[in-house]
Amino acid sequence: MKSRVWLFIVIAMIFMCNIVFAHDVYSPYIPKNNEIIFNQSMMKIDVIDPQVSTNWKGLNYPGLRGTNQLVIYTPAFGYRTNTNEYGTEAIVTGDTVTSLSGADSLIPANGFVISGHGLAKKWINENIMVGTKISIDLNKKVITSYITSDTFLYTARERIKEVQDMMLYYAQNSSGYNFKRTQQNIQKANDYIDKAEKNSEDSQKYASRAIEYADLAMSTVIPYNPGELKGVWIRPAYYNQKDIVKVLDTLYNTGINNIFLETYYHGKTIFPSQTMAKYGFIKQNEDFTGFDPLKIWITEAHKRKIKVHIWFETFYVGNKPPETNPEYILAKKPGWANCQKQNADSSTLAYSISEHNGYFIDPANPEVQTFLYELLGEIITKYQPDGINLDYIRYPQSLAPGYPSYDLSNWGYTKYARQEFQRMYGVDPIILKPYDSLWYYWKFYRCNKITGFVRKVSVLCRANNVMLTAVIFPNRKVALDTKLQDWRNWSKNNFIDGFTPLFLTCDAKTAMNLMEEILRNKSASTKLYAGLFVTFMNGSASDLIKQIHAARKYCLNGLIIFDYAHLNDTYISTLTESIFKPVRKEVVIPESSVPQKSGKDKKNNGGK
């Protein structure tokens, strides 16, 4: 009898907690005594937990989040948001924003994710920070954000705790670890928190000061690792030797020891290519006519002991309509074009709506594979790079299984592939549905075309002592189901030297989850280099440090920043405090750097 009474009490307590949680989130926020609201802003919610039936605008996009939409994802939607990198996301626990992300965020069990694209992304970036309070009006489908004096204190306290946890880790795991500078900055941060708590009107000023010192502490907490690959992806938008040398000097002084140079992209090469000319394609990207930038990059990089990897966009040929230039790859070779089931018999070349309206070529077509193999062979023979980094080594993205039009959105229904599959299995794949027994064979027929090309390139690279890496999508099931990328097979068969996945997030927990997914599925011989997207998403320097810390904890083989164009002075200053360079002298933040303007003067931004 007593056990039943206790069970009833426990159930009642859980129910009451849920009611409190619902009241906190789904009612207007009421500030505490002495808490000041600096900014309050409203935005219309387009949809909560989208489905095909409730959000047709998002039908062709990952996570069912459409253009300019603000979407709320709760645990009822699933484990993660499944969104792409063209938006931004805020992770909310209870009624408080606990972290900012970029894409495919983990959905907290006791919270939700605010996700925005376009105008909604702009609203999130302007009105939400870690520690922001959130309320949702379900009847009006409106979300309200509140930046208060407690917001800044919350951020400062969380940052200090994170630094202390990191410091403890390195003290226990790094021989000779010196945490003096870090500890000094933590103490200064705590001093300013005390001042903020005692001076409510100036709390923003003092809390901001505490955050600055906590950030400085975080920039010094991770020790330098001389044996680590420290890389950056570069789109070479530099058109003379002087500018190229200037970039390389910056990278050398930053501690970068590997660059991943975009060499073949949008169906063009940055160097004058005999292979491209042989096929009647544009011999060299028009922006570089008159000189050979690849030769300069490799020569000057090697002078600085920086290795050069060829960033190679394998099956992607850009988003310019082929008919606009008779020398474009698909203008010359329209039979090479990839297509979906839904447009397999169309005379118009298909492009991927969810990928910049980009065009792709067919991995199943042996002529395509021969062309790409010859192009890679030319690069290796003529320039002798240190590595090849295969990007777009996959099919275009389809919808996820479970969507009504999943099979229609699948790619690879080209004339060559359909005829070859029919010869092998007696069935035209155009009639197959995901529940048919032969669907599995059709799926791996296409996966194996990618894998077969990786194997060929592996033989080429190893014969020339060139490292082979590939950009992969970390979630193995999603990579298989929506991109036909069977990267585990490449690793198990030792076709690849390393993976360079892009973690499309600013959230360290999400990045760690993706790191774990790859570590579970790759072989020990395949190295793993964390591709960090924080800079591209304009995340904070602390977001970048937390992901680097995660990579260090998992003993990954190195780090690659995406990309150089977004590697601004703030990020460089952070990386050179101790992570990418040996320890620098102590930095002191001058009092004059503290903003004096009161947060109360900040303009209140209304809803859209």
Side-chain angles (χ1 to χ4, degrees), residues 235-237 261-294 310-353 355-383 388 390-397 411-421 446 449-450 452-454 456-457 460 484:
R235 172 160 288 183
L261 184 71
E262 198 168 28
T263 302
Y264 170 68
Y265 62 97
H266 291 191
K268 300 177 184 180
T269 57
I270 66 171
F271 64 94
S273 168
Q274 297 303 315
T275 302
M276 296 291 285
K278 169 186 168 182
Y279 281 84
F281 306 147
I282 297 171
K283 184 175 182 178
Q284 181 183 20
N285 187 314
E286 301 89 338
D287 291 339
F288 303 100
T289 301
F291 84 117
D292 187 346
L294 182 55
I310 301 300
W311 175 12
F312 191 89
E313 293 186 353
T314 314
F315 295 109
Y316 178 70
V317 292
N319 57 5
K320 297 287 182 64
E323 61 270 17
T324 60
N325 190 321
E327 291 184 308
Y328 281 167
I329 288 176
L330 289 181
K332 286 283 185 181
K333 299 283 188 179
W336 287 9
N338 208 330
C339 62
Q340 294 170 288
K341 181 176 181 176
Q342 63 191 0
N343 50 41
D345 296 319
S346 173
S347 59
T348 303
L349 299 183
Y351 53 83
S352 177
I353 294 175
E355 299 183 87
H356 303 292
N357 293 334
Y359 295 86
F360 288 74
I361 50 180
D362 180 18
N365 192 318
E367 290 183 6
V368 168
Q369 294 212 8
T370 298
F371 157 67
L372 293 171
Y373 183 87
E374 289 177 0
L375 185 56
L376 283 165
E378 179 185 5
I379 294 169
I380 290 171
T381 302
K382 184 175 179 180
Y383 296 98
I388 297 293
L390 298 177
D391 196 4
Y392 289 97
I393 184 69
R394 58 177 177 85
Y395 278 75
Q397 180 172 271
W411 291 78
Y413 290 83
T414 62
K415 182 178 179 180
Y416 182 91
R418 288 168 62 185
Q419 289 178 348
E420 184 178 55
F421 187 84
R446 291 171 290 166
K449 293 297 182 180
I450 302 290
F453 184 73
V454 173
K456 292 176 188 175
V457 177
L460 174 67
L484 301 166

Please name the pair of heavy atoms, one in [X] and one in [Y], separated by the smallest distance, quoted to 0.1 Å.
X	Y	value
P334	L349	O-CD2, 3.9 Å
A364	Y416	O-CE2, 3.2 Å
E262	W311	CB-CE3, 3.3 Å
Y395	R446	CE1-O, 3.4 Å
N365	G335	ND2-O, 3.9 Å
Y265	R235	CD1-NH2, 3.7 Å

Quick one: pull up [atom1] in [X] and [atom2] in [Y] and give me the separation to the nearest 0.5 Å.
X	Y	atom1	atom2	answer
Q340	S352	CD	OG	7.0 Å
N325	L330	CG	CG	12.0 Å
D362	K333	CG	NZ	13.5 Å
L376	T314	CG	OG1	7.0 Å
I380	L375	CD1	CG	10.0 Å
I310	L294	CD1	CG	4.5 Å

Full working for side chain to side chain contact (heavy atoms under 4.5 Å, CB included) between E286 and K268: CA-CA 9 Å; E286 301 89 338; K268 300 177 184 180; 2.9 Å; yes
Checking [X] side chain against [Y] main chain: does a donor-acceptor pair fall under 3.5 Å?
X	Y	answer
E327	F281	no
N343	A350	no
T348	S346	no

Side chain to side chain contact (heavy atoms under 4.5 Å, CB included) evaluation trace for E378 with Q274: CA-CA 8 Å; E378 179 185 5; Q274 297 303 315; 3.7 Å; yes
Geometric class of the F291/F288 ring pair [parallel <30°, tilted 30-60°, perpendicular >60°]: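 It falls in the tilted class, 30° to 60°.
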Can you classify the ring geometry of F371 versus W336 as parallel (below 30°), tilted (30 to 60°) or perpendicular (above 60°)? tilted
Between Y328 and Y359, ring centroids under 6.0 Å: no
Indicate yes or no: does K449 engage E420 in a salt bridge with an N to O separation below 4.0 Å. yes
Answer yes or no: is there an ion pair linking D345 with R418, defined by an N-O contact shorter than 4.0 Å?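 Here D345 pairs with R418 in a salt bridge, since their nearest N and O are under 4.0 Å apart.
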Tell me, yes or no, whether the heavy-atom count around K415 atom NZ, taken from other residues, nucleotides or ligands under 6.0 Å, exceeds 12.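 No, not enclosed.
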Does the side chain of [Y] come within less than 4.5 Å of [X]'s, by heavy atoms?
X	Y	result
K382	S273	no
I270	L261	yes
H266	E313	yes
I353	Y351	yes

Please determine whether side chain to side chain contact (heavy atoms under 4.5 Å, CB included) holds for the pair F315 and V368, giving the CA-CA distance in whole Å, both sets of side-chain angles, and the decisive distance to 0.1 Å. CA-CA 9 Å; F315 295 109; V368 168; 4.0 Å; yes
Donor-acceptor side-chain pairing of Y316 and E355 below 3.5 angstrom: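 Side-chain D/A pair, Y316 to E355: absent.
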Only residue of L372, N338, T414 satisfying side-chain contact (heavy atoms from CB on, under 4.5 Å) with I361 is L372
Check against side chain to side chain contact (heavy atoms under 4.5 Å, CB included), Y279 and E374: CA-CA 11 Å; Y279 281 84; E374 289 177 0; 3.1 Å; yes
